[in-house]
Amino acid sequence: MAIVGVGIDAVEIDRFRELLARRTSMRARLFSPDELDVVAARHDDAPSLAARFAAKEATMKSLGLGLGAFGFHECEILRAESGAPLLRTSGRLVELEGEHGVTSWHVSLTHTDSMASAVVVAES
């Protein structure tokens, strides 16, 4: 196996929380129902959602692409049975996987009180 690309992104949690509060449609625009279900039980879902948004951006970067390369719902950051983050693809992102020879994804999420970040590795 070979690494196709590595992407990293960071999001300021308070700024992201303010965006979600100011533009209530952003939750549904950025996250699938399955992603929202993963964080639904949390008292404050902003850190987890910010980390998931960072992972979507990191996924684009891992392919050498920028914002708009695929729809936000086409890259879902879910949870495996083990609790580890899991990247599920659909739509245009599946096509990009094929074009770049990606056969698997590795995702790491983290956050502090103020920052959320994600690293995504695309592997062939």
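Clustering of Ile, Leu, Val, Met, Phe, Trp and Tyr by side-chain heavy atoms under 4.5 Å joins V94 with none of the others.
Residues meeting the salt bridge (charged side-chain N to carboxylate O under 4.0 Å, His left out) test with R15, sequence neighbours left out: none. Taking F16 as the reference, F53 meet the ring pair (Phe, Tyr, Trp, His ring centres under 6.0 Å) condition, with sequence neighbours excluded. With sequence neighbours excluded, the residues satisfying salt bridge (charged side-chain N to carboxylate O under 4.0 Å, His left out) with R92 are E95, E99. Here S104 pairs with E123 under the side chain to side chain donor-acceptor pair (under 3.5 Å) rule; sequence neighbours left out. In this structure T112 satisfies the side chain to side chain contact (heavy atoms under 4.5 Å, CB included) test together with S114, M115, sequence neighbours excluded. Residues forming a side chain to side chain donor-acceptor pair (under 3.5 Å) with R88 (at least two apart in sequence, or on another chain): D34, E76. Looking at residues two or more places apart in sequence or on another chain, you find a salt bridge (charged side-chain N to carboxylate O under 4.0 Å, His left out) between D44 and R17. Under the rule for a side chain to side chain contact (heavy atoms under 4.5 Å, CB included), the partners of A116 that lie at least two apart in sequence or sit in another chain are I13, A50, A51, H111. Residues passing the side chain to side chain donor-acceptor pair (under 3.5 Å) test with S117: none are found, sequence neighbours excluded. In this structure, D37 has no salt bridge (charged side-chain N to carboxylate O under 4.0 Å, His left out) partners at least two apart in sequence or on a different chain.
V121 and V107 are assigned to two separate hydrophobic clusters, defined by single-linkage of ILVMFWY side chains at heavy-atom distances under 4.5 Å. Follow the hydrophobic side-chain contacts under 4.5 Å out from F70 and you reach L67 in the same cluster. If you chain together hydrophobic residues whose side chains sit under 4.5 Å apart, V4 and I8 never meet in one group.
A salt bridge is defined here as a Lys NZ or Arg NE, NH1 or NH2 lying under 4.0 Å from an Asp or Glu carboxylate O, and R23 with E18 fails to meet this definition.
In terms of heavy atoms, D9 sits closest to K61 at OD1-NZ, 2.8 Å. Residues H73 and A28 come closest through the heavy atom pair NE2-O, 2.6 Å. Taking every heavy atom of both residues into account, A122 and V102 meet most closely at CB-CG2, 3.8 Å. When all heavy atoms of F31 and L49 are compared, the closest pair comes out as CZ-O, 3.3 Å. The two residues L93 and W105 come nearest to each other via the heavy atoms CD1-CZ2, 4.3 Å. Nearest heavy-atom pair, A118 versus A54, reported as atom, atom and distance to 0.1 Å: CB-C, 3.7 Å.
Considering only heavy atoms from C-beta on, V119 stays 4.5 Å or farther from L109 through its side chain. Counting only heavy atoms from C-beta outward, the side chains of R52 and L30 never approach each other to under 4.5 Å.
To the nearest 0.5 Å, atoms CD (E97) and OG (S90) are separated by 9.5 Å. Here the straight-line distance linking atom SG of C75 with atom CG of L96 works out to 11.0 Å at 0.5 Å rounding. Here the straight-line distance linking atom CG of L87 with atom NZ of K56 works out to 8.5 Å at 0.5 Å rounding.
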Exercise for the section: Quick one: do R42 and S48 satisfy side-chain contact (heavy atoms from CB on, under 4.5 Å)? Show the steps, please. Expected result: CA-CA 9 Å; R42 299 181 190 271; S48 293; 3.1 Å; yes
Practice task
Could you walk me through whether V6 and S62 pass side-chain contact (heavy atoms from CB on, under 4.5 Å), step by step?
Solution key: CA-CA 4 Å; V6 177; S62 75; 5.7 Å; no
Handout entry: side-chain contact (heavy atoms from CB on, under 4.5 Å) assessment of D45 paired with R27
Key = CA-CA 11 Å; D45 63 2; R27 281 177 190 276; 2.7 Å; yes
Would you mind writing out the side-chain donor-acceptor pairs for residues 78-86 within the sub-3.5 Å range, not counting sequence neighbours?
unit_1 : atom_1 : unit_2 : atom_2 : d
R79    : NH2    : V38    : O      : 3.4
S82    : OG     : A84    : N      : 3.3

